[in-house]
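Only this structure's heavy atoms are used, side chains among them; waters, hydrogens and symmetry mates stay out. Residues: numbered from 1 along the sequence shown. Please read all numbers here as calculations on a predicted model, not as lab measurements.
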Amino acid sequence: MLEDVALFVSLLMIGYLVYTLDRNKQAFPAPPVLVLIGLLLSFLPFYSEVPITASFIYHILLPALLFVGAYRFPVQQFFRYRRFILLLSTAGIVAAVFLTAAAFFAVSLPFMTISFIAALLIAAVLIPTDPVSVIEILSSDLDDELVTSVVEGESMINDGTSIVVFSLVFSWYVQSPPTFLEGTSQLLVTSLGGTAIGAAFGWLFSLALHYTHERSYQIMLSIIIAYASFIAAEAVHASGVLAVVTAGLFLSHRIKASSRESHLRESLDGFWEIIELSILSLLFLLIGIAAGPSLWNSYWHVIILFFLFMVVLRWIVVELIMRATPSIHNPTFSERFLVSISGVKGAVSVYLILTIQESAADQAELIAAVAFSVVFLSLLLQSLAIHPAARFIRFLGRS
């Protein structure tokens with residue numbers, strides 16, 4: 001127990017040093033730097049035995065990250081770009097899963113023996129997006145509300161819907177395929193149930209928050225909101241992710257409508273900023289440590305080709321949806337392109353990979369090797385590409 005505490009404290013210290021010493025966070029964002037350090041740490045016996053489980057990421061780290069992202073997200077921006085956000089995080093996910101699976105199946109066919117359902121499972125693992133490593137860069141480099149709102153809003157919603165899609169594909173992989181009606185009903189019940197529970201918790205606790213005047217009590221109540229909504233939804237087999245996101249958005253709306261908005265946000269922002277930085281430090285270091293053993297595989301020629309296909313397919317899906325969606329906002333080609341390349345993989349994908357590994361399903365290690373390698377490439381290459389891409393687009397806009 002003491003050794004585990006020392007291990008996590010040392011990881012926090014590493015995170016502190018990276019965030020403190022990284023003076024050029026736009027060109028070299030902290031998340032990929034932390035992942036690379038985590039990869040190096042995976043060679044050290046002290047860190048190679050770190051207890052990284054799917055449950056730890058999903059039940060401990062993820063609710064807090066989702067909550068802080070949702071409660072900070074301006075609700076008016078969510079509604080302003082809701083058509084783009086909702087279509088990308090629902091229909092876009094389904095289209096991307098099948099297109100990505102077909103691409104991987106075609107690319108891997110000459111080099112490995114893998115079924116189409118296994119390719120579909122890999123695609124489902126890699127669909128969730130995580131804007132943590134790019135959103136700050138986009139905000140400072142481009143100052144484009146449409147891009148940042150769609151990227152962040154899509155990520156919040158598709159974290160929930162992608163887990164539901166993964167659950168359906170995974171049950172098909174290990175058992176028998178659900179019928180179309182069963183799959184659709186499960187998707188709707190899980191998603192709508194999580195949203196309803198989150199709205200109920202957000203409403204109830206936001207009322208309590210307005211009657212709580214002590215800052216320390218307001219912070220305590222916000223922690224309860226984040227985890228109680230998640231736990232309640234999971235207890236009835238609804239989406240805990242969508243529940244905590246909805247609760248956070250509802251709370252953000254209630255705070256915005258309050259005459260005490262500045263007081264409430266000042267109370268919560270200081271605490272949750274520290275929590276967010278601490279969790280992100282742990283998370284990205286743990287991703288590097290967990291991915292380490294899987295990166296040493298003989299499939300890199302397939303993985304690199306697949307990664308390139310996946311980036312192109314993501315761009316095609318985003319392009320088609322954002323062009324075809326009726327809206328008073330007309331995103332430019334540059335905006336659509338930035339939304340597409342901002343689909344970086346992160347925490348949810350790692351949780352899904354660990355879920356497969358812990359299940360000991362057929363070809364679990366092969367699936368983990370491919371998926372971890374793609375997550376690694378995404379965090380490294382896409383995160384580093386955002387800054388020059390945003391600056392180039394801003395330069396073109398001024399020309």
Side-chain angles (χ1 to χ4, degrees), residues 4 7-8 11 34-36 38-63 65 97 100-101 104-105 108 111-130 159 162-175 234 240-241 279 282-300 302-303 306-307 310 344-380:
D4 289 343
L7 189 148
F8 282 105
L11 291 177
L34 290 167
V35 169
L36 286 172
L39 178 61
L40 296 176
L41 293 178
S42 68
F43 292 99
L44 303 178
F46 181 65
Y47 291 100
S48 62
E49 301 299 323
V50 60
I52 310 170
T53 65
S55 180
F56 177 70
I57 290 177
Y58 188 63
H59 295 104
I60 305 299
L61 302 184
L62 201 56
L65 285 179
V97 165
T100 304
F104 180 72
F105 187 69
S108 64
F111 305 102
M112 63 178 73
T113 303
I114 193 166
S115 63
F116 182 76
I117 182 59
L120 204 61
L121 186 61
I122 291 172
V125 165
L126 295 172
I127 291 307
T129 58
D130 188 345
D159 280 348
S162 61
I163 289 174
V164 178
V165 170
F166 167 82
S167 299
L168 292 172
V169 175
F170 189 56
S171 66
W172 182 4
Y173 185 73
V174 297
Q175 298 170 7
E234 291 291 318
V241 171
I279 290 178
L282 287 176
L283 180 62
F284 287 107
L285 286 168
L286 291 175
I287 288 175
I289 294 171
S294 298
L295 298 182
W296 304 105
N297 61 73
S298 57
Y299 306 112
W300 272 101
V302 177
I303 290 165
F306 170 52
F307 173 74
M310 193 177 70
V344 181
K345 314 308 170 189
V348 175
S349 290
V350 171
Y351 155 68
L352 298 178
I353 297 169
L354 293 174
T355 299
I356 295 172
Q357 282 187 315
E358 292 170 12
S359 72
D362 290 343
Q363 294 188 301
E365 291 309 314
L366 172 61
I367 293 171
V370 172
F372 265 133
S373 299
V374 172
V375 169
F376 178 78
L377 286 175
S378 177
L379 279 167
L380 196 64

Can you tell me how far apart [atom1] ([X]) and [atom2] ([Y]) are? Round to the nearest 0.5 Å.
| X | Y | atom1 | atom2 | value |
| --- | --- | --- | --- | --- |
| Leu295 | Ser373 | CG | OG | 5.0 Å |
| Leu65 | Ile60 | CG | CD1 | 12.0 Å |
| Thr100 | Ile127 | OG1 | CD1 | 4.0 Å |
| Ile117 | Gln363 | CD1 | CD | 12.0 Å |
| Ile122 | Ile114 | CD1 | CD1 | 4.0 Å |
| Met310 | Ile303 | CE | CD1 | 11.0 Å |

Query - Partner set under ring pair (Phe, Tyr, Trp, His ring centres under 6.0 Å) for Phe105, not counting sequence neighbours - result: Phe116
Could you report the tightest heavy-atom contact between [X] and [Y], atom names first, then the distance?
| X | Y | value |
| --- | --- | --- |
| Ser294 | Asn297 | O-ND2, 2.8 Å |
| Leu39 | Gly292 | CD1-CA, 3.5 Å |
| Ile289 | Gly38 | CG1-O, 3.3 Å |
| Ala347 | Leu283 | CB-CD2, 3.4 Å |
| Val302 | Met112 | CG1-CE, 4.2 Å |
| Phe372 | Ala291 | CD2-CB, 3.5 Å |

Requested in this report: Check whether any side-chain heavy atom of Leu11 lies under 4.5 Å from a side-chain heavy atom of Leu41, and answer yes or no.
Outcome: yes
**Report entry** Side-chain heavy-atom pair Phe166, Ile356 within 4.5 angstrom cut-off
**Finding:** yes
Report task. Just do the side-chain contact (heavy atoms from CB on, under 4.5 Å) check on Thr53 and Leu354 with the steps written out, would you? Result -> CA-CA 7 Å; Thr53 65; Leu354 293 174; 6.0 Å; no
Would you find a donor on one side and an acceptor on the other, under 3.5 Å apart, between the side chain of [X] and the backbone of [Y]?
| X | Y | result |
| --- | --- | --- |
| Gln357 | Ala368 | no |
| Tyr47 | Leu40 | no |
| Ser378 | Val375 | no |
| Trp172 | Leu121 | no |
| Ser162 | Asp159 | yes |

Query raised in the report: Do the ring centers of Phe8 and Phe56 come within less than 6.0 Å of each other?
Result: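 Yes, the ring centres sit under 6.0 Å apart.
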Query raised in the report: Hey, which of Tyr299, Phe111, Phe104 is the one that makes ring pair (Phe, Tyr, Trp, His ring centres under 6.0 Å) with Phe306?
Result: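 Exactly one option meets the ring pair (Phe, Tyr, Trp, His ring centres under 6.0 Å) with Phe306, and it is Phe104.
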Requested in this report: For side-chain contact (heavy atoms from CB on, under 4.5 Å), just list the numbers for Val241 and Tyr58, CA-CA rounded to whole Å, side-chain angles, deciding distance to a tenth of an Å, and then say yes or no.
Outcome: CA-CA 9 Å; Val241 171; Tyr58 188 63; 3.9 Å; yes
